[in-house]
Structures are given as C-alpha cells and as structure tokens.
Amino acid sequence: MRRSKAFIPTTKEAPSDAVLPSHIFLSRAGFITQVSSGLYNFLPLGKRVLRNIETIVNEAMASIGAQEVELSFVTPVELWQESGRIDKFGKELLRFEDRKENRFVLGPTHEEMMVNVVRNRVNSYKQLPLHLYQIKTKFRDEARPRFGLMRGREFIMKDGYSFHASAEDLDREFTTVERAYKHILERLGLEFRIVEADSGAIGGSGSKELMVLADSGEDTIALCDRCQYAANIEAAVRGAKQEIPEAPEAVFNRFKTPNVTTIEALSHFFKVDPFYLVKTVAKRAVYHEGSKLVLFCLRGSDTLQEVKATNVLNALELLDVSEDELRESGLVAGFMGPLNLNTCKIIFDKDLKDADAMICGANEIDYHYVGVNFNALKNAEFADIAEVNEGDTCPCCDGTLSFTKGIEVGHIFKLGTSYSKALKAEFLNENGQSEPFVMGTYGLGISRLVAAVIEQHHDENGCIWTPSTAPYLINVMISNIKDEAQMTFAENLYEALRQEGIEVMLDDRKERFGFKMKDAELIGFPYTVIVGKELINGNIQLMERATLRKETIAAEHALKTIIERTVT
RNA sequence: CGGGGUGUAGCUCAGUAUGGUUAGAGUACCUGGUUUGGGACCAGGGGGUCGAAGGUUCGAGUCCUUUCACCCCGACCA
C-alpha cells in the first residue's frame with residue numbers, strides 16, 4: 001500500500017476523553033474512530049489488525065476440529081424467555097420490534113441461538129461431539145462503556161459452543177480448547193495467564209479466564225510465586241495461614257468500648273492483631289422473589305469477597321445496607337456481631353471455624369465481647385467468603401500469593417446441561433434414552449484483543465505491534481521524494497518485498513523526515529526501512545520499532561538482509 | 001442507577017463571570033513559494049446553525065427553562 005493513497009487519519013492530539021494508551025494511540029494513529037458511547041468504527045489499519053487476529057483464531061479452531069458458522073445477530077426474544085436469561089441480562093439486552101411488532105434482541109452472546117440451531121438437528125450420540133463457533137459482532141448495552149475498545153457496547157467476539165454426550169467428553173474438549181487458546185495468545189505475542197475463574201450462579205463444573213497481563217487491566221489476579229496456581233480474585237482461595245499472631249487472653253466477657261467502631265480502632269484499643277477481631281458486614285441479598293438482610297463475619301484481617309458471598313447465598317446480587325435499615329433489624333453500626341441475634345441470616349467465613357479468643361461486637365452501643373468462639377453456636381453456617389490477601393499462602397503449595405492486573409480476553413466455561421435442559425435440547429444415547437447435551441462455551445474477545453496488544457506493547461511514541469498482529473510488517477520510508485535515486489530504490493524495494501508476500505507500506509508522501517518517522521512510530525510498524533541520505537554511500541537503514549534501534553545495511557543486499565531480519 | 005464534569009471548525013481548546021464589532025487560536029485541509037535526517041517556514045484561502053428546543057432582551061456563544069449527548073468516580077458487567 002502506498003501511504004499517499006492510504007486512509008490513515010493520524011492526529012497529533014488524542015481525543016480529550018481517551019485515558020488508556022490503547023484508546024489514545026489507536027485513535028491517534030487512525031485505527032479506530034468513536035461513533036457514540038461504546039461504539040467504534042474500524043478504519044483500514046484497525047480492520048487489518050482484526051483480520052490478522054481472526055486468521056490466527058480460525059487456524060487454531062480448525063486445528064481442533066471446530067466448525068465455523070455465522071448466526072443471526074438479531075435474535076427472537078422468545079429464545080431468551082425460554083432460557084430465562086431475559087431477566088438475568090436485563091437492560092443489557094437491546095430490544096426492539098420489527099414492522100410486524102415481533103420482538104427481537106441484538107445478540108449479546110449466542111448460547112440460545114446455537115442450542116436452537118443444534119436441537120432437533122443433532123439427535124444421536126453418534127453425531128457427538130460437535131463444536132461450532134463464529135466470529136461476530138455482539139451488542140451489550142453496558143451501563144458504563146469505557147476505555148475505548150476495552151469495554152464497548154458493540155464488540156467483536158469469537159464464541160464457540162461444544163456439545164457432548166458426557167461430562168468426561170466435555171472435560172476433554174475443555175482441555176483441548178484451553179490448549180488452543182493458549183496457542184493463539186502465544187502467536188499474538190502476548191504475555192498472559194490462564195486463571196481459575198468464578199463459575200457464578202449459573203452452575204457448571206468450572207471455568208477459566210485468559211488474562212493478558214497489563215497494569216490497566218480491570219481484573220485482579222492472584223498468582224503463586226512457586227507453582228502454577230493462578231486465579232481471579234473473585235475465585236481465589238488460599239492455604240492455611242502459616243504465622244499465627246499471638247492470641248489475646250481468652251476469658252469470655254462483655255467489654256465497654258466507647259466509640260470504638262472500626263477494626264483499626266479496636267485493634268489499637270485492645271492492642272490485638274486484627275486477626276482476632278470479627279469483622280461483621282451487613283448486606284441485602286437480592287433474589288427473584290425479594291430480598292433479605294444477611295450478616296457476614298470474617299476475621300478483621302480479611303475483607304468480604306462479594307462474588308463468593310453472592311454465590312454462597314445463590315443470590316442475584318448484594319446491596320449495601322443503610323444505618324436506618326440496620327437499626328430496624330436491631331443492629332448497631334460499629335458494634336455488630338453474630339451473638340444473641342436471630343433477626344437475620346449469618347454466614348461465617350470458614351477461617352472462623354474453631355477460631356478462639358475472638359473479639360466481636362455485642363449488638364449494643366459501646367460494647368464488644370471478648371474471648372469468643374463460635375463452636376457453641378448451633379446451626380452456624382461456614383463458607384469461604386473471604387478475599388485472599390497478597391502474601392497469603394498458596395492453596396496448592398507452600399508458595400506465597402501476589403497480585404497482578406489482567407485484561408480478561410477470554411473465558412472458557414463448562415456449562416453442563418443447564419441450557420440444553422432449559423431449551424429442551426436432547427439426543428438419544430446408546431440405550432435409546434433421551435439425554436440433554438452436555439455443553440461447553442468458549443469466548444474470546446477479538447476487538448478487546450486489539451486493545452490488549454497495545455496495552456501490553458506501546459511506548460510514549462505510540463503503538464508497537466507484534467509481528468503477527470501488525471497491519472503491515474514493514475514500512476519503507478523515503479526520506480526525500482524529490483531525490484530520484486531514493487525514490488527509484490524505494491519503489492523497487494517495495495515491489496520486491498511485495499513479491500515476497502510481505503505486508504509492506506511505502507511512505508511516498510511529500511513530507512519531511514521527522515514527520516514521517518513520528519508517524520511511523522505512532523502507527524507502530526514493527527520495522528521501518530529508511531531510504532535516505534545514506535543511499536549515496538550505498539547504505540539504507542532498518543529501524544526496529546520496539547527498540548527504536550537503527551541498523552545500517554548495504555543497499556545492494558537490502559532485500560535479502562531485510563527478509564533475514566524481519567521474517568521469522 | 002447515584003455523584004461530578006463537559007458540549008464553540010475534522011481534532012485540541014480560548015471566549016461565557018459583567019449580554020453589545022463580522023465568533024477566535026493552534027493543528028489539520030487547499031493554493032503558491034522556500035525547505036528536506038526527527039512532527040519546518042512565509043504568503044494567501046476554504047471550513048461554524050456556538051449540542052437541540054423554547055424563553056427574556058433593541059441585541060444571546062454568554063442570562064433563564066426544558067431536553068439530548070458525551071466523559072469521569074461509584075454501582076453493575078454470562
């Protein structure tokens with residue numbers, strides 16, 4: 001492509017609302033333009049990057065025998081009613097009617113549609129397993145789209161769905177897909193981790209997320225420094241604490257604690273490690289049928305992990321509770337505790353089982369109990385509701401957990417039979433009996449990957465594309481187009497590289513050296529060949545974008561040397 | 001959905017407090033000239049219903065009312 005004819009509207013200044021490097025540079029370098037909140041156009045360069053990623057994904061899917069389809073973007077609302085997800089998705093579903101007043105939603109994901117395609121067409125265990133996927137625009141009317149391509153309302157996702165006759169076969173496919181996804185991210189040149197993820201209230205026997213490591217990531221992941229354990233903080237668990245602080249004196253007593261309402265203040269007041277304090281958190285658990293107040297008790301050194309807590313209750317969500325609401329339930333903010341209370345449900349963190357010498361609120365202004373243990377409590381419910389802390393012990397070995405930030409670019413999920421049951425999608429097994437399909441679902445955010453590559457690969461000058469994602473591998477830059485020798489040499493080199501099947505851009509614009517270099521760095525071609533004043537001495541230069549290093553190479557061996565340096 | 005902010009040229013923004021020349025700058029774009037190794041310079045030029053609607057006024061980018069959009073923090077996010 002000739003730069004003089006290419007539609008690449010680069011700008012010196014970023015849109016004022018762009019915050020993340022990927023948003024700033026993809027906008028400035030002319031890859032994308034914003035249409036509306038969470039809606040973006042892909043311009044030629046952006047489209048080429050998308051295509052590169054899609055090609056890699058398609059190859060990986062083909063290698064594991066998944067077949068590509070393309071399902072309708074517009075989906076009948078009935079399917080969503082049938083699966084029950086119309087409520088779960090709520091306002092994220094963009095709903096509308098056609099001229100005949102039939103109701104539709106724009107597909108936010110395609111489990112329902114895919115089950116609908118397969119049911120009644122696949123009837124026998126002999127036709128299983130089956131793995132179908134597509135790469136397609138999705139629409140979710142996010143409450144707050146942000147960060148450019150990172151969290152759009154309209155986005156491009158690769159979504160795959162597998163159908164099996166048994167859970168064992170699903171396990172096999174799940175592992176196969178995990179390996180294929182790993183291969184995809186490696187080819188894209190990304191540093192990532194595959195982590196244990198929250199499986200949510202949807203059930204199923206497990207899910208994993210693919211996290212591209214980047215400081216701007218919205219997810220926190222816990223990593224072990226010894227073994228391979230890695231988990232989203234929503235799902236992370238930990239081993240037993242190794243160094244237990246010294247316990248306070250443990251005689252049960254009611255103690256006056258005037259105005260001492262926080263863990264920090266209590267710790268100071270009693271000169272006791274927060275490990276021996278009970279943190280009591282009140283939440284309103286919301287269900288389809290209504291809501292109720294729930295108290296969560298944890299060690300003062302821990303915090304409530306709301307996703308875990310929601311799952312324990314099988315609730316839709318947890319809401320904060322106002323002090324007025326607490327008072328109505330006989331609770332006193334700052335002095336809440338699990339003893340002598342029968343107005344609401346209480347969940348204890350599992351670490352409080354057998355805990356002794358604890359201090360907790362007395363449900364009475366200015367009083368706490370000391371020397372408490374909960375073994376005597378009848379019907380006390382224990383569950384894992386605490387968020388792991390940095391420095392906690394790994395659940396798999398003696399290692400220590402540390403945190404890092406990640407961008408969730410993929411989520412693979414063992415669905416089991418929840419959808420096939422809801423949508424009555426069944427096959428006949430070897431004994432001629434009907435069974436629901438055992439399903440898996442595998443998502444990969446294609447447009448989010450575009451942003452993730454830049455989040456991980458950029459500098460203050462702009463994008464640094466990895467070779468497999470770059471819109472063009474090589475940029476041949478003519479320093480001065482009025483110099484005929486430069487012009488002729490560059491034209492010939494451009495043609496020769498094209499003949500070699502290399503994606504190459506020829507910067508033949510009537511601009512000065514500095515302007516074209518800045519532009520090339522902003523766009524982020526992995527390599528720029530500089531045809532300039534050195535040509536008179538028989539030399540040209542090859543600049544590597546990642547390092548900005550320039551290597552002088554002999555013009556007469558230009559093609560051969562460039563191919564050696566750039567094509568791996 | 002709660003809290004805050006912003007809408008003026010393709011882009012980044014002045015101007016609005018205290019209403020009053022023909023609404024500005026930089027950048028980008030067009031023409032001509034000079035320049036050619038790190039976002040050059042000179043001269044000329046095109047480009048605006050000042051987010052929208054209504055109101056107050058002799059006069060509104062500026063004041064009032066309504067409304068829409070976008071952004072940020074939070075809630076939410078299979």
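Everything quoted here is computed from the prediction, not taken from an experiment. Order of the sequence lines sets the chain letters (A, B, ...), proteins ahead of strands, with each chain counted from 1.
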Closest to the side chain of A/K12, out of B/G38, B/C71, B/G39, is B/G39
Measure CG/A/D87 against P/B/C77 and give the value in whole Å, please. 15 Å
Phosphate OP1/OP2 of B/C13 contacted by A/S16 side-chain N/O (<4.0 Å): yes
Taking the P atom of each, how far is B/G59 from B/G55, in whole Å? 12 Å
Take the protein atom NZ of A/K510 and the nucleotide atom C1' of B/C30, then report the distance between them rounded to whole Å. 13 Å
Counter-base of B/A78, judged by Watson-Crick or G-U geometry with both distances under 3.5 Å: none
Return the stacking result for B/G39 and A/F515: yes when the ring centres lie under 5.5 Å apart and the planes under 30°, no otherwise. no
Roughly how many Å is it from CE in A/M517 to P in B/G38, rounded to a whole number? 10 Å
Taking atom P of B/C70 as reference, at what distance in whole Å does atom CD of A/E142 sit? 14 Å
Do A/T33 and A/N41 get their side chains close enough for a donor-acceptor pair, meaning under 3.5 Å? yes
Walk me through whether A/W465 and A/Y527 qualify under ring-ring contact (aromatic ring centres under 6.0 Å, His included). CA-CA 10 Å; A/W465 294 101; A/Y527 300 97; over 10 Å; no
What nucleic acid atoms does A/K482 come within less than 4.0 Å of, heavy atoms only: base, sugar-phosphate, or nothing? base
Side chain to side chain contact (heavy atoms under 4.5 Å, CB included) assessment of A/T441 paired with A/I412: CA-CA 6 Å; A/T441 178; A/I412 57 177; over 6 Å; no
For the base of B/G37, is there a side-chain donor-acceptor partner from A/K518 under 3.5 Å away? no
Pick the C1' atom in B/A25 and in B/G37, then give their distance to the nearest Å. 31 Å
Look at the rings of A/W80 and A/F89 and say which category their plane angle falls in: under 30° parallel, 30 to 60° tilted, over 60° perpendicular. perpendicular
Watson-Crick or G-U wobble mate for B/U62, both contacts under 3.5 Å: none
Base, sugar-phosphate, or nothing: which does A/E218 touch, judged by heavy atoms less than 4.0 Å apart? nothing
Establish, with yes or no, whether the OP1 or OP2 oxygen of B/A40 is under 4.0 angstrom from a side-chain nitrogen or oxygen of A/R512. yes
Checking the side chain of A/N232 only, and the main-chain atoms of A/E234 only, is there a donor and an acceptor separated by less than 3.5 Å? yes
Inter-nucleotide P distance (B/G61, B/A78), Å rounded: 48 Å
According to a strict under-4.0 Å criterion, is A/Q541 in side-chain N/O contact with OP1 or OP2 of B/G37? no
Pairwise 5' ranking along RNA chain B for A/D519 and A/T109, keeping only the more 5' one: A/D519
Where do A/E82 and A/N116 land on the side chain to side chain contact (heavy atoms under 4.5 Å, CB included) test, with the steps shown first? CA-CA 11 Å; A/E82 206 179 334; A/N116 188 44; 6.0 Å; no
Pair of N/O donor and acceptor under 3.5 Å linking B/G38 base with A/E521 side chain: yes
Assign A/K550 to base, sugar-phosphate, or nothing according to its heavy-atom contacts below 4.0 angstrom with the strands shown. base
Side-chain N or O of A/R144 closer than 4.0 Å to phosphate OP1/OP2 of B/C1: no
Please measure how far the C1' atom in B/A60 lies from the corresponding atom in B/G3, and state the result in whole Å. 31 Å
For nucleotides B/U62 and B/U66, find the distance between their P atoms and express it as a whole number of Å. 16 Å
When rounded to whole Å, the CD to C1' distance for the pair A/Q486 and B/G37 reads 10 Å
Across the strands shown, which category fits A/S479 at heavy-atom distances under 4.0 angstrom: base, sugar-phosphate, nothing? base
Check the phosphate of B/C1 against A/K91, side-chain N and O only, distance under 4.0 Å to OP1 or OP2. Yes or no? yes
Counting only side-chain N and O atoms of A/T11, is one of them less than 4.0 Å from OP1 or OP2 of B/U12? no
If you measure from the C1' atom in B/A28 to the same atom in B/G45, how many Å do you get, rounded? 14 Å
Using atom P of each nucleotide, how far apart are B/G5 and B/G47 to the nearest Å? 37 Å
Provide the Watson-Crick or G-U wobble partner of B/U6, both distances under 3.5 Å; none if there is no partner. B/A69
Under a 3.5 Å cut-off for both distances, is B/C41 Watson-Crick or wobble paired, and to whom? B/G33
From the options A/Y442, A/Y161, A/F163, select the one residue that forms a ring-ring contact (aromatic ring centres under 6.0 Å, His included) with A/H131. A/Y442
Assign A/P15 to base, sugar-phosphate, or nothing according to its heavy-atom contacts below 4.0 angstrom with the strands shown. sugar-phosphate
Quick one: the side chain of A/R85 and the base of B/A78, do they pair up donor-acceptor inside 3.5 Å? no
Nearest-neighbour nucleotide for the A/R153 side chain, B/G74, B/U12, B/C70 considered: B/C70
Under a 3.5 Å limit on both distances, the Watson-Crick or wobble mate of B/C13 is B/G24
NA contact type, A/M157, heavy-atom cut-off 4.0 Å: base, sugar-phosphate, or nothing? base
So what's B/G46 paired with, Watson-Crick or G-U wobble, going by both distances under 3.5 Å? none
Measure from the side-chain heavy atoms of A/H411 and tell me the nearest of B/C76, B/G38, B/A78. B/A78
Whole angstroms only, please: what is the CG-P distance between A/L319 and B/C1? 16 Å
Taking for each residue the nucleotide of RNA chain B with the nearest heavy atom, is it A/Q34 or A/E317 whose nucleotide lies nearer the 5' end? A/Q34
Remember a base hit wins even if backbone is also touched, and classify A/S36 as base, sugar-phosphate or nothing at under 4.0 Å, heavy atoms. sugar-phosphate
For the pair made of CG in A/L522 and P in B/A28, what is the distance, rounded to whole Å? 14 Å
Would you measure the distance from the P atom in B/G26 across to the matching atom in B/C41 and give it in whole Å? 11 Å
Under 6.0 Å from the six-membered ring centre of A/Y472 and within 45° of its axis: does the NZ or CZ of A/R48 meet both? yes
Could you state the atom-to-atom distance from NE2 of A/H23 to P of B/C70 in whole Å? 13 Å
Side chain of A/R28, base of B/G39: donor and acceptor closer than 3.5 Å? yes
Look at the side chain of A/R146 and decide which nucleotide, out of B/A78, B/C72, B/G37, has an atom nearest to it. B/C72
For A/H458 and A/E455, indicate whether the former's side chain and the latter's backbone hold a donor-acceptor pair under 3.5 Å. yes
